[in-house]
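Taking it in order: structure first as C-alpha cells, then the write-up.
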Amino acid sequence: MVKPAIHEIFEKAASLKTKKEKIAYMRDMGQYPAFKDVLRINFDDDVVCLLPEGEAPYRKDDAPEGYANSTLHKEYRRFTYFFKGGEGMNLAPLKRESMWIDLLETLSAGESELMALAKDKRLKYKGITKKLVNEAFPNLLKK
C-alpha cells in the first residue's frame with residue numbers, strides 16, 4: 001500500500017461526514033508519525049515555532065502529486081530544527097530559515113502549504129479541531 005501524502009490524510013478526514021468516522025480514520029492514520037507531528041505542531045500550545053510567522057519565500061514544486069523530491073513521511077525528522085526545545089535551538093536564525101526553505105522546496109505543493117500553515121497554527125480543515133484531536137489521540141497534545 002502506498003502511503004497517502006499528509007495533506008491528503010487531512011483532506012480525507014475533513015471529507016468524512018461524522019465525528020466517529022473522522023476519529024476512526026485519524027486513529028488509523030496515526031500509524032504515520034509525520035501525521036501526528038503535524039497535528040501536534042498545529043494544535044499543541046507547547047509546540048513553539050522558531051521561524052518567523054508568515055509564508056517563507058520558497059519555490060513551490062510544480063511536479064504532479066506523488067512526484068516531489070521527498071515527502072513528510074521521509075522528512076518529519078527535520079522538524080526538530082524548527083521548534084523550541086529541539087536541535088535547532090542553537091542554530092543561527094538564517095541557517096534555520098534556510099533549512100526550512102530547503103524542506104518546503106523538497107515537498108509537494110500540498111505538503112509544503114500544509115507545513116507553512118501548521119507552523120503558524122493556521123491549519124483549517126472542516127471538523128478537524130483541537131477537541132477532535134484530543135478525542136482521537138488522548139495523550140498527543142500537552143496543552
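- Across L107 and M115, no two heavy atoms sit closer than the pair CD1-CG, 4.4 Å.
- G88 approaches R96 most closely through the heavy-atom pair O-NH2, 2.9 Å.
- Annotation: side chain of F83 is in contact with side chain of V47 (closest heavy-atom distance under 4.5 Å).
- Using a distance-only test at 3.5 Å, with no hydrogens or angles considered, a donor-acceptor pair links the side chain of K22 to the main chain of A14.
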Evaluation steps, side chain to side chain contact (heavy atoms under 4.5 Å, CB included), between L39 and D44: CA-CA 8 Å; L39 288 172; D44 194 332; over 6 Å; no

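- In terms of heavy-atom proximity, I101 sits nearest to A56 at CG1-CB, 4.0 Å.
- The 12-atom threshold is not exceeded at CG of N90, counting heavy atoms of other residues, nucleotides or ligands nearer than 6.0 Å.
- In this structure, Y76 has its ring center at least 6.0 angstrom away from the ring center of F35.
- Shown are K142, R40, K130, K84; of these, the salt bridge (Lys or Arg N to Asp or Glu O under 4.0 Å) with D45 is made only by K130.
- The minimum heavy-atom distance between A13 and I128, with the atom names listed, is CB-CD1, 3.7 Å.
- E135 and K20 are not joined by a salt bridge, as no carboxylate oxygen comes within less than 4.0 angstrom of a charged side-chain nitrogen.
- Counting heavy atoms from C-beta on, the side chains of C49 and D120 never come closer than 4.5 Å.
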T71 and K3: CA distance, side-chain angles, deciding distance, side chain to side chain contact (heavy atoms under 4.5 Å, CB included) verdict: CA-CA 10 Å; T71 68; K3 290 180 184 177; over 6 Å; no

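- Contact annotation: the side chain of R77 never approaches that of P33 to less than 4.5 Å [non-hydrogen atoms, C-beta and beyond].
- Within a 6.0 Å sphere centred on CD of E113, other residues, nucleotides and ligands contribute 12 heavy atoms or fewer.
- To the nearest 0.5 Å, the span separating NZ on K131 from NZ on K19 amounts to 5.0 Å.
- Under a cut-off of 6.0 angstrom, the local environment of NZ in K121 is crowded, with over 12 non-hydrogen atoms contributed by other residues, nucleotides or ligands.
- Between the CG atom in L117 and the NE2 atom in H7 there is a gap of 12.5 Å [rounded to 0.5 Å].
- Between the side chain of E111 and the main chain of S108, no donor-acceptor pair closer than 3.5 Å is present.
- The CZ atom of F43 sits 6.5 Å away from the OG1 atom of T129 when rounded to the nearest 0.5 Å.
- G127 and L132 make their closest contact through O-CD2, 3.3 Å (heavy atoms, listed as atom of the first residue, atom of the second, distance).
- Judged by distance alone, with hydrogens and angles left aside, the side-chain atoms of E21 form no donor-acceptor pair with the main-chain N or O of L16 at under 3.5 Å.
- Contact check on R78 versus D37 returns no salt bridge, with no Lys/Arg side-chain nitrogen under 4.0 Å from an Asp/Glu carboxylate oxygen.
- At distances below 3.5 Å, at least one donor-acceptor pair connects side-chain atoms of N42 with backbone N or O atoms of R122.
- A136 and R27 get closest at one heavy-atom pair: O-NE, 2.9 Å.
- With a 6.0 Å cutoff to the six-membered ring centre and a 45° limit on the axis angle, K12 counts as a cation-pi contact of Y25.
- More than 12 heavy atoms of other shown residues, nucleotides or ligands fall within 6.0 angstrom of atom CZ in F137.
- Cluster membership for V133 and Y32, using ILVMFWY side-chain heavy atoms within less than 4.5 angstrom, is shared.
- Atom-to-atom distance recorded for L103:CG and S98:OG is 11.5 Å, nearest 0.5 angstrom.
- Hydrophobic clustering keeps L50 apart from F79 (ILVMFWY residues linked when any side-chain heavy atoms are closer than 4.5 Å, directly or through intermediates).
- Cation-pi geometry between K60 and Y58 is met: the NZ or CZ atom falls under 6.0 Å from the ring centre, inside 45° of the normal.
- L104 contributes atom CG, which lies 10.5 Å from atom CG of L114 (distance to the nearest 0.5 angstrom).
- Note that CH2 of W100 is 9.0 Å distant from OG of S112, once rounded to the nearest 0.5 Å.
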